Amino acid sequence: MAVSIQSAQSIFSNTEIASAVPATTDSFYKLSVEDQLALLWYAYTEMGISITAAAPGVASMALVEGVLNEIKQMSPDAQSKTMFDLASNADTTIGRIYTSLRVNTKLGFWYELGQLMKQGAVAPIPAGYQMSAEATKVLETIKKLDPGQQITVLRNTVVHMGYDPDFSQEYGKRSAPRSTPTAAAERVKTKIEGISELTVLSYIDYMNAFDFTPAVGLFAEEGALQPPFQKPIVGREAILNYMREECIGLKMMPEQGVSEPAEDGYRQVKVTGKVETPWFGANVGMNIAWRFMLDPQGQIFFVAIDLLASPKELLNLMRK
Ligand code: ECH
């Protein structure tokens, strides 16, 4: 059988991913919108991991200052309704603006709103609000997840708010802004125990320097990148767009890996380690696996990024 993106998806298939994340997200969406907002508030305030106030250079907040000011001027009821509308994907002006924002700006928007709620400048979740038994259960589940999984659930809910008339996860849809890569003198060369493939080492080095053009140059023309819990993003242009949107400020710390020949001159490489997001910095290290399929020319034909079920999985470098 020839190697295809579909067949590559199942390399190292014994990798245990954090399936609690999609499961919890599904049960979250079954709750009423009031419960969803209350749950997010409690999760956010009770999780005990602190968010880095100004994830620098990440959120262009100028874009949302206007909306935040508008919300501040509203009556408390209108403020609560605005949040309700965002969470229920209602077609409103703010919902449309929100949808047009970059992922990190959406996160920044809610971060600011959360601060304003804490200060009392924006209506908080009504004191004494009683969540349903079901919502309490979902909250308890979230509290038991490891921090990397908790912030993934939070992030997913924020990304899906707002009104999108033609909702799609396509990254080719609009182009993301370029960023400034780290200067050559400040870059560090990654070492990964068990890995000597230059493609893999260069991938991590370019990603850590936010130098996305050469990072994408490591992919085969029709290569694919599959983010956690998502479908593969196919083709260099779409991958570049995705990286510009999602990878600014990420710190990748691969630790160990294995590399083995696969069929037709391909090679499969699995690397495990930690990734930090600028929002939580060293407070949250996500346990990650990269499963690469390199083509006979050494280009990245496919790479899946998995959020691992537990730290124990970092040591699972077995084939299959
Ligand atoms: C309040 C109540 C009302 C409702 C809401 C509220 C506010 C919520 C707030 C939430 C903030 C959440 C945040 C979450 C950030 C999460 C970031 C994550 C990043 C993961 C990145 C990974 C990267 C992996 C990758 C690698 C590659 O090699 C290729 C690319 C890529 C409380 C007011 C809503 C404020 C800030 C989880 C795993 C390694 C795939 C990207």
Side-chain angles (χ1 to χ4, degrees), residues 17-31 33 35-41 43-44 47 49 51-52 55 58-61 63-64 67-68 71 82-92 94-114 138 142 145 147-177 179 225-233 238-239 241-250 275-280 284 286 288 304-307:
I17 60 160
S19 50
V21 169
T24 314
T25 310
D26 282 353
S27 28
F28 173 86
Y29 284 120
K30 294 205 180 95
L31 305 172
V33 176
D35 268 356
Q36 289 181 12
L37 287 168
L39 181 149
L40 287 171
W41 175 254
Y44 182 67
M47 246 169 26
I49 37 178
I51 191 161
T52 312
V58 161
S60 51
M61 291 304 291
L63 277 164
V64 290
V67 179
L68 285 165
I71 296 176
T82 302
M83 292 188 245
F84 184 96
D85 286 344
L86 280 171
S88 58
N89 308 109
D91 183 1
T92 62
I94 292 182
R96 284 178 182 244
I97 296 174
Y98 182 88
T99 298
S100 72
L101 302 173
R102 319 240 66 106
V103 170
N104 276 313
T105 316
K106 290 178 181 165
L107 292 166
F109 169 84
W110 280 107
Y111 171 73
E112 290 288 333
L113 220 48
V138 180
I142 293 177
L145 297 179
Q149 300 177 21
Q150 291 178 332
I151 66 167
T152 306
V153 173
L154 273 189
R155 181 185 183 282
N156 290 350
T157 63
V158 167
V159 170
H160 288 105
M161 289 182 184
Y163 178 74
D164 190 350
D166 57 344
F167 185 82
S168 79
Q169 286 235 9
E170 244 184 84
Y171 284 90
K173 203 168 69 165
R174 56 175 188 188
S175 47
S179 58
L225 179 149
Q226 181 179 310
F229 316 113
Q230 288 183 41
K231 292 204 190 76
I233 298 162
I239 297 172
N241 234 338
Y242 173 81
M243 287 178 174
R244 286 178 174 158
E245 172 97 36
E246 305 269 345
C247 299
I248 283 293
L250 288 180
V275 172
E276 290 172 5
T277 139
W279 290 102
F280 296 92
V284 181
M286 289 174 279
I288 298 284
I305 292 88
D306 306 313
L307 183 64

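This chain uses plain numbering: 1 for the first residue, then up along the sequence. Values below: every heavy atom of this structure, side chains too, minus hydrogens, waters and symmetry copies. Note that the structure is predicted; figures quoted are calculated from it, not measured.
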Answer yes when Glu246 and Arg155 have at least one side-chain N-carboxylate O distance shorter than 4.0 Å, and no when they do not. yes
Any side-chain heavy-atom pair of [X] and [Y] under 4.5 Å:
| X | Y | answer |
| --- | --- | --- |
| Gln150 | Val284 | no |
| Trp110 | Leu40 | no |
| Val64 | Glu112 | no |
| Pro227 | Ile305 | no |
| Leu307 | Val275 | no |
| Pro228 | Thr152 | no |
| Thr157 | Tyr29 | yes |
| Ile17 | Phe229 | yes |

Using a 3.5 Å distance criterion without hydrogens, assess whether the side chain of [X] forms a donor-acceptor pair with backbone atoms of [Y].
| X | Y | answer |
| --- | --- | --- |
| Thr105 | Leu101 | no |
| Glu276 | Met286 | no |
| Gln36 | Leu31 | yes |
| Gln226 | Lys231 | no |
| Thr99 | Tyr163 | yes |

Considering residues at least two apart in sequence or located in another chain, which fulfil the side chain to side chain donor-acceptor pair (under 3.5 Å) criterion with Asn89? none
Distance from [X] atom [atom1] to [Y] atom [atom2], nearest 0.5 Å?
| X | Y | atom1 | atom2 | value |
| --- | --- | --- | --- | --- |
| Ile142 | Ser27 | CD1 | OG | 8.0 Å |
| Arg102 | Ile248 | CZ | CD1 | 11.5 Å |
| Thr92 | Ile97 | OG1 | CD1 | 8.5 Å |
| Met61 | Asn104 | CE | CG | 10.5 Å |

Nearest atoms (heavy-atom pairs only) where [X] meets [Y]:
| X | Y | value |
| --- | --- | --- |
| Ile51 | Tyr44 | CG2-OH, 3.6 Å |
| Val159 | Lys106 | O-NZ, 3.6 Å |
| Ile233 | Ile239 | O-CG1, 3.7 Å |
| Pro278 | Gly249 | CD-O, 3.3 Å |

Anything under 30° is parallel, anything over 60° is perpendicular, the rest tilted; go ahead and classify Trp279 against Tyr111. tilted
Checking side-chain contact (heavy atoms from CB on, under 4.5 Å) for the pair Ile94/Asp85: CA distance, chi angles, key distance, verdict? CA-CA 9 Å; Ile94 292 182; Asp85 286 344; over 6 Å; no
